[in-house]
Every structure is written in C-alpha cells, then in structure tokens.
Number of protein chains: 2
Amino acid sequence: MKQNYQVPAFLTKLWTLVDDSCTNELVCWSEEGCSFIVLDEQRFSKEVLPLYYKHCNMTSFIRQLNMYGFHKVVPLDSGLLKEDGRGDSVEFQHEHFRKDQPHLLTLIHRKVSVSRGVDDAGQISQILVEISQARGWQDSFDFKLMALCRDNESLWRELNSLQQKHQQQHRIICKIMQFIINTVGSKGMKGLKRKLPMIEISGETHSVPKYSRPSDSSVDSNLPSFSMPETPSPQDIPSAV
Amino acid sequence: MKQNYQVPAFLTKLWTLVDDSCTNELVCWSEEGCSFIVLDEQRFSKEVLPLYYKHCNMTSFIRQLNMYGFHKVVPLDSGLLKEDGRGDSVEFQHEHFRKDQPHLLTLIHRKVSVSRGVDDAGQISQILVEISQARGWQDSFDFKLMALCRDNESLWRELNSLQQKHQQQHRIICKIMQFIINTVGSKGMKGLKRKLPMIEISGETHSVPKYSRPSDSSVDSNLPSFSMPETPSPQDIPSAV
DNA sequence: GGGAATATTCCC
DNA sequence: GGGAATATTCCC
C-alpha cells in the first residue's frame with residue numbers, strides 16, 4: 001500500500017481506518033470530527049490494527065501517534081466510571097487530523113529524534129567552522145605577539161646602549177669637573193670653586209650599570225629598577241654670560 | 001517470540017528457519033555448515049519469511065543480513081548457467097553463523113549507523129576536548145600578552161626618563177663648554193682651547209627630542225630611530241690627575 | 001552493499 | 001510521553 005503525496009503510510013492508514021464505517025463500533029470520529037475515539041482497545045488492537053499495520057499492539061500504535069504529535073484527549077470526567085458503556089475508550093487528537101479533510105495530513109510531520117539525526121550534522125559542522133575560525137584568530141594573535149616580543153627585545157637593547165652612553169657621559173662630566181677644580185681652581189679661580197662642589201663627582205661608583213636586562217625570563221614583568229646618578233641641574237653651573 | 005540471551009530476534013529466527021528441516025527445499029545449510037543457501041528466492045520469500053518476520057520481501061531480508069555482517073557467497077562459476085537446478089539460489093555466510101553452533105550467535109553484532117549514534121558522541125566529546133585545550137592556550141596567551149604589555153609600558157617610561165636625563169646632561173655639558181670658553185678661555189688658557197672644538201656646543205638644537213613615542217600604533221615593529229648626539233670619549237678630555 | 005526515513009519493540 | 005535499539009522500507 002503506497003501513499004500518493006509526501007504523507008507517511010501511518011497517517012493515510014490511520015485516516016482510512018478511522019473513517020471506515022465498517023469498524024465504527026471499535027474506532028470512529030468524535031462528534032465534531034476533530035479527534036478520533038478507540039471504543040474497545042482489546043478488539044481494536046486485535047481486529048483492526050493488523051488490517052493496516054504489521055502488528056496488533058495498542059502500545060506500538062500509540063507510540064506512532066505520539067511520534068506524529070497526536071495527544072490523548074483527557075475527558076473532563078476522567079477518573080469517574082462511565083455509564084455509557086465507553087469505559088474502555090481512549091480519544092486522540094491532532095490539530096490537522098480532521099474528518100472530511102484528509103488533505104490536512106500533509107501538515108502533520110513525524111518527529112525526528114532530536115538528539116541525533118539531521119540536527120547533529122548541522123551543529124557539528126557549525127562547531128567545526130567555529131573552531132577553525134578560532135584557530136585563525138589564534139594564529140594572527142600569535143603573529144602579533146611574536147612581533148611585539150621582537151619589538152620589545154630591540155627596545156631593551158636600545159635602552160641598554162643608551163644607558164651605557166649616559167654612564168660614560170656622566171663619567172666624562174665628572175672628569176671635566178675634576179679637571180676644572182684641580183687645574184683651573186688651583187690657578188686662583190675662587191668664585192668657581194665655590195659654585196662647583198654640589199656637582200657630584202664620584203662617577204666611578206656607577207661604572208657597573210645597576211640596570212641590566214633580566215636574563216630572558218620570558219615575559220615576566222620584573223622590571224629592573226633604574227637608579228641613574230642624578231646629574232646637576234644647569235643652574236648649578238655658573239652662567240656663562 | 002522472545003530471545004533468551006542478548007541475541008537479536010533476527011538472528012535466532014534466522015538460525016531456526018535455516019535449521020528447520022521442513023523447509024530444506026527452500027533454504028538449508030551448505031554442505032560444511034558454514035553458510036546457508038536460499039534455493040528458491042520466490043517461494044522462500046513468500047512462504048518462509050512471513051513465518052518468522054513481519055514481511056515477505058527478499059530485499060528486506062538481505063538488508064538485515066547485511067546489517068548483521070553477512071556476506072553473499074560468490075560461487076567460483078558465477079556468471080555461468082547452472083545445470084543442477086539451483087540457478088535461482090543465493091548463499092550467505094557469516095563467520096559466526098554455523099550449523100550446530102547456535103551459541104556463536106552471541107558474537108554477531110548489528111551494525112550501528114556509523115554517521116550517527118555512538119560515533120557522534122565520540123566526535124562531539126573530541127570537539128569539546130579541543131575547545132577546552134584552545135581555551136587553555138588562549139588563557140596562557142592572554143597572560144603572556146598582558147605581562148608583555150606591562151613590560152613594554154615600563155620600557156617606555158624608562159626610556160623617557162633616560163631621555164630627559166640625557167637632555168639635562170647635554171645642557172650641562174654645553175654650559176661647561178660655555179663657561180670654559182668664556183671664563184677660562186679669556187684668562188689665557190690656550191692649551192685647553194685647542195683641545196675642545198671637537199665637542200659640539202649647539203645644545204639647543206636638541207631641545208626638542210627627536211625621539212617621541214609613536215602614538216600607540218598597535219603592535220607594529222617600526223622602531224623609532226634613536227639619534228643621540230655623540231659624546232666625546234674620555235681620552236679627548238685632559239686627565240685630571 | 002549501505003544510508004536514511006519510517007515502523008515496531010522495549011524500556012524508562 | 002518519549003529515548004533508543006531493532007526492523008522494514010525506500011532509495012542510491
């Protein structure tokens with residue numbers, strides 16, 4: 001038995017068996033035609049089901065109903081014993097399962113197992129895309145970081161070189177001072193002698209730079225503390241007017 | 001019909017139907033008992049299959065055989081017309097499907113759809129592992145980057161400080177020069193005057209630092225070019241002994 | 001021979 | 001009511 005459209009066999013068979021007036025005492029439409037009622041589960045499962053499906057189990061039938069989104073209709077007087085002889089009946093309903101409107105069956109869709117199936121493939125491929133993107137960012141990041149490291153490396157070298165030049169210059173200034181004090185001062189320049197002592201001359205205490213780069217301790221931020229000898233301010237030198 | 005062990009219904013039914021001597025003219029064991037032969041596909045599918053399964057299609061039967069890892073036995077004289085009346089026969093074999101040894105059935109396992117199910121879980125968990133690793137790398141990266149940034153910051157500060165000290169030193173040297181030339185030179189120190197000209201005196205041309213921090217041009221490695229005024233070496237200065 | 005959708009069973 | 005394994009169908 002084949003179905004014409006995209007409607008699964010279960011649905012067309014269901015509509016057919018509910019609509020079949022020959023089995024109305026076992027299964028039928030509700031009064032409004034918006035649901036169907038199985039009047040006698042026992043006889044229905046043994047006599048009707050095997051005519052349409054490959055089994056005669058009410059549970060398997062209900063499993064399929066749930067797979068297609070049908071719901072059991074809970075009567076208002078549930079829990080009470082019925083007196084109309086329909087105590088064994090169950091009613092099922094689906095928005096698009098209607099008497100006289102079999103074309104609505106195309107709107108009923110079987111549930112796909114949510115955790116697997118089509119959904120997974122999409123999710124996984126999306127995750128893979130995102131991971132690959134992240135790896136790209138990481139790489140460009142790596143590149144920038146390495147560039148920054150090289151930059152820093154050069155900066156430290158320049159700073160070190162400058163530092164040494166500064167030390168040297170300081171020593172020279174000290175020697176000049178010494179020279180002026182010793183040579184010029186001894187020739188009788190009293191005024192100059194008074195003004196120079198505040199210039200620090202002990203340049204040799206700085207011959208070993210207090211600052212040297214930490215021996216490549218990766219990228220820690222233990223910065224060496226500079227303590228450059230203070231050079232006298234220009235005001236300490238006699239104006240050369 | 002229930003199976004006792006963990007053996008799927010398909011396998012126990014298969015072994016039973018092959019072993020059943022009542023249907024030997026339609027299906028039977030091979031001579032060695034290591035495979036089974038369907039002698040008449042047409043009659044087998046219509047008469048035997050529905051006795052055990054919910055269908056009478058040879059293709060569905062073969063689909064299940066494949067799902068359990070059975071393989072068609074290709075006879076050596078395949079392609080030739082048979083004369084023993086077995087032209088319609090097919091033979092299937094599985095390592096653990098043997099006559100007189102139904103206990104081996106427990107070793108036969110149904111294939112799980114490779115692209116889904118168990119496999120997916122593995123892929124997903126591997127992806128999660130990779131993501132977690134990446135996050136770890138990123139974190140250590142972040143840490144290093146921040147350290148480097150602090151390091152760099154300090155470098156700039158030190159460099160700036162050194163620069164200022166250098167400027168100041170330079171101004172002092174200029175003043176000393178001026179002082180020597182104006183004061184000492186006018187008092188007749190000819191010898192000194194001859195040795196000093198190589199020292200640059202135009203200190204004011206350096207009042208605006210040639211070097212200044214590039215305005216946060218991210219992380220490029222365009223290092224600023226230092227051009228400090230060269231200071232004369234100590235040998236150029238008369239010893240102050 | 002096997003992928004994938006639907007169907008049936010089993011189990012929580 | 002629904003997850004998951006197995007079974008059946010459909011299709012390549």
Side-chain angles (χ1 to χ4, degrees), chain A residues 1-17 45-46 48-74 78 90-94 105-106 108-122 124, chain B residues 1-17 38 45-46 48-74 78 90-94 105-106 108-121 124:
Chain A
M1 192 180 288
K2 296 251 185 187
Q3 68 273 24
N4 351 11
Y5 314 97
Q6 316 297 32
V7 182
F10 174 78
L11 292 177
T12 56
K13 290 177 178 177
L14 177 63
W15 197 91
T16 302
L17 77 83
S45 59
K46 303 310 171 202
V48 178
L49 282 183
L51 298 177
Y52 297 88
Y53 305 109
K54 293 177 182 293
H55 65 85
C56 44
N57 305 314
M58 191 64 186
T59 53
S60 293
F61 177 65
I62 292 174
R63 184 72 194 87
Q64 280 284 69
L65 289 174
N66 289 327
M67 285 296 289
Y68 282 96
F70 282 75
H71 292 283
K72 185 189 270 189
V73 177
V74 182
S78 72
V90 275
E91 186 172 350
F92 285 93
Q93 166 272 340
H94 186 290
L105 294 181
T106 55
I108 303 180
H109 300 292
R110 194 174 200 270
K111 292 173 185 170
V112 290
S113 70
V114 185
S115 60
R116 296 278 181 271
V118 180
D119 205 42
D120 257 9
I124 287 182
Chain B
M1 190 181 288
K2 295 249 184 186
Q3 66 273 22
N4 351 13
Y5 314 97
Q6 316 297 31
V7 181
F10 174 78
L11 291 177
T12 55
K13 290 177 179 177
L14 177 65
W15 197 90
T16 303
L17 77 84
V38 173
S45 59
K46 303 309 172 201
V48 179
L49 282 183
L51 299 176
Y52 296 88
Y53 306 107
K54 292 178 182 294
H55 65 85
C56 44
N57 304 314
M58 191 65 186
T59 53
S60 293
F61 177 65
I62 293 174
R63 184 73 195 88
Q64 280 285 67
L65 289 174
N66 289 327
M67 284 297 287
Y68 282 97
F70 282 76
H71 291 283
K72 184 188 269 188
V73 177
V74 182
S78 73
V90 275
E91 185 172 351
F92 285 94
Q93 165 272 339
H94 187 291
L105 294 181
T106 55
I108 302 178
H109 300 292
R110 194 174 200 271
K111 293 172 185 171
V112 289
S113 71
V114 186
S115 59
R116 298 279 181 274
V118 180
D119 203 45
D120 258 7
I124 289 180

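Any value given below was found using the heavy atoms of this structure, including those in side chains, with hydrogens, waters and symmetry copies removed. Sequence lines set the chain letters: A, B, ... in the order given, protein chains first and strands last, and positions in each chain run from 1.
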Chemist: For C:dA7, does OP1 or OP2 lie under 4.0 Å from any side-chain N or O of A:R110?
Modeler: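 For C:dA7, OP1/OP2 do have a side-chain N/O of A:R110 under 4.0 Å.
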Chemist: Provide, to the nearest angstrom, the distance between the OH atom belonging to B:Y68 and the P atom belonging to C:dG2.
Modeler: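 Whole-Å distance recorded here is 15 Å.
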Chemist: For the CG atom of B:L105 and the NE2 atom of B:H94, what is their distance to the nearest 0.5 Å?
Modeler: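 Atom-to-atom, B:L105:CG and B:H94:NE2 are 9.5 Å apart.
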Chemist: As a test of reading the structure: which of D:dT9, C:dA7, D:dG2 is closest to the side chain of A:N66, going by heavy atoms?
Modeler: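 So the nucleotide nearest the side chain must be D:dG2.
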Chemist: Just to confirm, is there a sub-4.0 Å distance from OP1 or OP2 of D:dT8 to any side-chain nitrogen or oxygen of A:Y53?
Modeler: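 Negative; the distance criterion is not met.
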Chemist: Counting any heavy atom closer than 4.0 Å, what does B:F61 reach on the DNA or RNA strands: base, sugar-phosphate only, or nothing?
Modeler: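 Nothing, no heavy atom under 4.0 Å.
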Chemist: Ignoring backbone atoms, test whether B:K111 places a side-chain nitrogen or oxygen under 4.0 Å from the OP1 or OP2 oxygen of C:dG2.
Modeler: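 So the side-chain polar atoms of B:K111 do come within 4.0 Å of the phosphate oxygens OP1 or OP2 of C:dG2, strictly under.
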Chemist: How many Å lie between CD1 on A:I62 and P on C:dT9, as a whole number?
Modeler: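 The answer, rounded to whole Å, is 13 Å.
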Chemist: Between D:dT6 atom C1' and B:R63 atom CZ, what is the distance in whole Å?
Modeler: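 For the pair B:R63 CZ and D:dT6 C1', the rounded distance is 12 Å.
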Chemist: How would you list all residue pairs meeting side chain to side chain donor-acceptor pair (under 3.5 Å) that involve residues 54-64 of chain B, not counting sequence neighbours?
Modeler: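 Matches after skipping sequence neighbours: B:Q64-B:R110.
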Chemist: Indicate whether OP1 or OP2 belonging to C:dA7 is found under 4.0 Å from a side-chain N or O atom of B:K54.
Modeler: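 False: B:K54 side-chain N/O out of range (4.0 Å or more) of C:dA7 OP1/OP2.
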Chemist: Whole angstrom is fine here: how far is it from CE in A:M58 over to P in C:dT8?
Modeler: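 The distance from CE of A:M58 to P of C:dT8 comes to 14 Å, rounded to the nearest Å.
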Chemist: Taking atom NZ of A:K111 and atom OH of A:Y68, what is their separation to the nearest 0.5 Å?
Modeler: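 It comes to 12.0 Å.
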Chemist: Does a side-chain N or O of A:N57 approach OP1 or OP2 of C:dT8 to a distance below 4.0 Å, or not?
Modeler: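 Looking at the OP1 and OP2 atoms of C:dT8, neither is under 4.0 Å from any side-chain N or O of A:N57.
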Chemist: Specify the separation, in whole Å, of atom CE of B:M67 and atom P of D:dA7.
Modeler: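 B:M67 atom CE is separated from D:dA7 atom P by 9 Å.
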Chemist: If I take atom CZ in residue B:F70 and atom P in nucleotide C:dG2, what distance separates them, rounded to the nearest angstrom?
Modeler: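 Whole-Å distance recorded here is 14 Å.
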Chemist: Hey, what do you get for NE2 (A:H71) to CG (A:L65), rounding to the nearest 0.5 Å?
Modeler: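 One finds 11.0 Å between NE2 of A:H71 and CG of A:L65.
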Chemist: Hey, could you give me the CZ/CG distance between B:F61 and B:L14, rounded to the nearest 0.5 Å?
Modeler: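 These two atoms lie 5.0 Å from each other.
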Chemist: Does A:H55 have a side-chain nitrogen or oxygen under 4.0 Å from the phosphate oxygens OP1 or OP2 of C:dA7?
Modeler: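 Checking A:H55 against C:dA7: no side-chain N or O falls below 4.0 Å of OP1 or OP2.
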Chemist: Heavy atoms from C-beta onward define the side chain here; which of D:dG2, C:dG1, D:dT9 lies closest to that of B:K72?
Modeler: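 Between D:dG2, C:dG1, D:dT9, the one nearest the side chain of B:K72 would be C:dG1.
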Chemist: Rounded to whole angstroms, how far apart are CD on A:Q64 and P on D:dT8?
Modeler: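 Roughly 14 Å, once rounded to whole Å.
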Chemist: May I have the distance from A:F10 (atom CZ) to C:dT8 (atom C1'), rounded to whole angstrom?
Modeler: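 In whole Å, C:dT8 C1' and A:F10 CZ are 11 Å from each other.
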Chemist: Given C:dT8, D:dG1, D:dT8, which nucleotide is nearest the side-chain atoms of A:H71?
Modeler: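 Among the listed nucleotides, the one closest to the side chain of A:H71 is D:dG1.
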Chemist: Counting only side-chain heavy atoms from C-beta out, which of D:dA7, C:dT6, C:dT9 sits nearest to A:P8?
Modeler: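 Closest nucleotide to the A:P8 side chain: C:dT6.
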